[in-house]
Every structure is written in structure tokens, then in C-alpha cells.
Amino acid sequence: MAARPLTGRRATWSAPGRVNLIGEHTDYNDGLALPFAIPMRTTVHGVAREDTSVRVSSTGRDPIEFGTSATPGTVIGWGAYVAGVVWAMSSAGHRVPGVDLEITSEVPVGAGLSSSAALECAVALTVADIAALALGAEDIVTIARRAENDFVGAPTGALDQTASMFGRTGHLVCFDALTMSCEAVPCEPEGEGLVLLVIDSGVVHRHVGGAYARRRAGCADAAAQLGVPSLRALDVGSLDRHLARLDSRYQPLVRHVVTENERVRRTVEHLRARRLREVGPLLTESHASLRDDFAVSIRELDVAVVAAIDAGALGARLTGGGFGGSVIALVPRERMDDVVQGVQGEYADRGFGTPSFMPVAPSAGAGPTSDPTRR
Ligand code: ADP
Ligand code: MG
């Protein structure tokens with residue numbers, strides 16, 4: 001049977017960035033995380049071409065072009081995220097046509113809000129629609145993650161893409177990397193007089209760098225030394241016994257991962273009981289663990305956490321991989337102005353850059369969007 005002509009087929013899909021409320025550096029240890037989709041989204045409008053070129057424009061960047069058979073290493077820079085999706089789809093056996101893609105985004109780049117996953121998921125959904133591929137949300141997660149891991153070369157877990165695809169208004173996404181499953185957990189801060197506030201330090205993080213890869217490798221080595229398939233197999237009750245058997249350089253890494261999984265479990269319990277306020281101290285404990293044990297924080301993030309709490313936040317932690325990016329703070333609505341001013345004041349006193357502030361209610365995941373050229 002002849003393939004249906006795709007030329008001229010068009011589609012527009014958008015996918016959100018995400019904030020991870022808690023559960024950091026756990027996903028590549030088969031662990032638990034609790035991200036949610038944020039209101040800021042990346043939108044991709046696509047039209048099928050007659051040839052096998054992919055031409056991509058993104059606001060504020062030079063357009064790029066590559067072929068549908070581009071392989072890892074042949075497209076670099078931001079185009080790699082797009083070419084990686086096309087490559088991951090083709091390598092999975094799907095026929096991908098040439099396509100023109102137009103990208104617009106509200107997700108800040110490099111702020112720890114996962115502009116990369118938003119971009120990958122929106123591109124994958126748009127291309128899949130144009131190519132009439134029957135792909136489910138899990139397939140899109142797999143394709144997007146492969147693009148980032150094997151084409152861009154960033155060894156991240158599937159957390160970001162899962163949050164972007166499975167986010168739901170008024171819910172967090174409890175992601176279990178062991179079973180690759182997720183469950184919606186209700187979270188409506190405004191109903192409890194609270195705000196989830198993102199504080200962007202303005203320091204752009206770097207994922208592809210060696211620091212992330214070293215910690216990831218350290219966790220894998222520690223699991224091997226303990227003879228378990230992954231650090232998920234360890235529970236907090238027997239942590240000390242496990243630590244005693246470990247090479248000292250791995251102890252802080254393992255302590256972070258095991259206690260962080262436990263903090264995610266306790267957070268879910270509080271949320272199910274509609275006790276969001278009680279989550280505050282767990283956020284702050286998570287930050288201390290990331291700062292002292294996992295060693296992925298920087299001064300700008302530490303100062304934002306302390307200043308936010310001093311000004312009335314119930315808890316705060318760095319969110320995302322660390323080394324820059326953002327802090328997520330749980331703030332009583334009436335203390336919002338104090339927190340903003342408190343952080344701004346501390347940043348000014350220390351000569352840090354200008355922080356930005358974004359209240360982020362848990363929002364909808366990826367989905368089709370109206371065609372921007374037909375509005
Ligand atoms: P984060 O995902 O936390 O924002 P990453 O370093 O993982 O940070 O991904 C950021 C990179 O993703 C950018 O440097 C750029 O290459 C690419 N990117 C993200 N959004 C866009 C966009 N709208 N247009 C082009 N490239 C983008
Ligand atoms: Mg990213």
C-alpha cells in the first residue's frame with residue numbers, strides 16, 4: 001500500500017516546563033520524584049515539506065536546517081534538541097517527513113525549569129502528529145529522553161519529560177523511576193492560602209558538564225559496591241548499616257538519595273491529607289542534603305533559600321540539577337512581598353545578579369494548541 005502523502009500536513013502542540021517540588025537526583029537512581037508542570041509552555045508549529053529537510057526557527061535565534069537522517073554529532077547547539085527528537089523517532093522505526101518547525105517559548109532557558117524537555121516534547125508531539133504516528137505519552141517521553149541523552153549528550157533521567165507530558169492542573173506528578181510509572185497527587189496551594197514561588201537565581205546551570213555525570217557515576221559505583229541493582233533498593237531504616245560498608249567518598253551521595261526518596265514519600269502523605277504546609281520543612285531538609293551531601297548547590301541558591309525562609313517562607317530548596325537555576329519556596333500568600341524583598345535585598349547586598357520571581361501553580365501537561373498562524 002502506498003504511504004499517504006504528508007506534504008502540507010500541519011500541527012501545533014505545546015508542552016510545559018516543570019518544577020520539581022522534591023525528589024532531586026533520584027530519578028537516575030530508580031527513585032521517586034514529585035515534579036509538576038508549570039504554566040509556561042513551549043509551542044511548536046509544524047508543516048510537512050516535500051523534501052527531507054528539517055528547517056527550524058526559534059524566537060531570538062538563528063534558524064537551522066538539517067536532514068531527517070542527521071545522526072548524533074552532526075547537529076550541535078540548540079538544534080541538537082530538535083534533531084535529536086527526529087533521530088530518536090527514525091531510530092525507533094518511524095518514518096519522519098521533512099518539516100518546517102516554528103518554536104516559541106515562555107519557559108526560561110537554563111533556569112532549572114526544563115526548557116529542554118518542553119522543547120523536546122513539543123517537537124516530538126508536533127512531528128508525530130504530522131507524520132500520523134500512533135505514539136502514546138510514554139513513547140514521547142522515551143523519544144524525548146533519548147534525544148537528550150544520546151543526541152545532545154546530557155545524561156539526564158526521564159523526570160523532566162514525564163512531568164511535561166503527564167502534568168495535570170491542580171496535581172503533582174509522583175514519578176517512580178523504578179517502574180517508570182507516575183501517579184497524580186492533588187496539590188492546590190491557593191486553597192490553603194499558599195503560593196509555590198520559583199526564585200530564579202539568574203545563574204544558568206550546565207547539565208552536560210562533568211559534575212552531573214560524576215555524581216551519577218558515583219551513585220552507580222556505590223550501588224555496585226553494595227551489591228544492589230540501584231540505590232532505590234536501600235531504605236532509610238537500614239541506611240547506617242549500608243553506609244558503614246561503603247567507601248567514604250560515596251557515603252554522602254548515598255545518604256542524599258536514600259533520605260530524599262523518604263522525603264518524597266512523606267511529602268505525598270502530607271499532600272494526600274491536604275497538609276501542604278507540613279511540606280515546608282521537608283523542602284528545607286532536601287536543600288540541606290543537596291548542599292551538604294550531594295554538593296550541587298551554589299552560594300546564590302543557598303542565599304535565596306535562607307533569605308526566603310527568614311522572610312516567612314515555610315520551606316525552600318534548590319530545584320533542578322543544581323549548580324545554578326532556581327529555588328522553589330512554599331510561601332504563605334501574605335508573606336509573598338516580604339519573601340521577594342528579602343531575597344532581592346540579600347542579592348543586592350552580596351552583589352549577585354538580579355533574581356526573578358514566578359508564582360507557579362501546578363498546571364496542565366502537553367497537548368494540542370490552536371495554530372498560531374490561523375488565530
Ligand atoms: P533547562 O532545561 O533547565 O532550561 P538545559 O540546559 O537542560 O536547561 O536546556 C537548555 C537548552 O535547551 C538551551 O540552551 C537550548 O539549547 C535548548 N532550548 C530550550 N528552549 C529552547 C527554545 N525555545 N528554542 C531553542 N532552544 C531551546
Ligand atoms: Mg533541561
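Each ligand, and each atom within it, is numbered from 1 in the order the structure gives. All residue numbers refer to positions in the sequence shown, counting from 1.
Within the 4.0 Å heavy-atom shell around ligand 1 one does not find G320.
Atom CD of E50 sits in a sparse spot, with 12 or fewer heavy atoms from other residues, nucleotides or ligands closer than 6.0 Å.
Not a single N or O atom of T42, backbone or side chain, sits closer than 3.5 Å to an N or O atom of ligand 1. Taking any N or O of G110, backbone or side chain, at least one lies under 3.5 Å from an N or O belonging to ligand 1.
Each of the following atoms of ligand 1 lies closer than 4.0 Å to a heavy atom of G112: 3 (O).
Nearest-residue assignment for atom 27 (C) of ligand 1 (options T59, L119, V44; heavy-atom criterion): L119. The option with the heavy atom closest to atom 19 (C) of ligand 1, from among S115, A117, G321, G79, is S115.
The aromatic rings of H25 and F294 sit tilted, their planes meeting at an angle between 30° and 60°.
Annotation: side chain to side chain contact (heavy atoms under 4.5 Å, CB included) contacts of R299 (sequence neighbours excluded): V303, R350, F352.
A side-chain hydrogen bond (donor to acceptor under 3.5 Å, both in side chains) with D100 holds for exactly one of R55, R49, H45; it is R49.
Counting heavy atoms closer than 4.0 Å to ligand 1, residue S116 contributes atoms from both its backbone and its side chain.
Pairs passing the ring pair (Phe, Tyr, Trp, His ring centres under 6.0 Å) check and including a residue from residues 47-66, sequence neighbours excluded, do not occur.
Distance check for T156 against the Mg ion (ligand 2): none of its N/O/S atoms falls below 2.8 Å.
A distance below 6.0 Å separates the ring centres of Y212 and Y28.
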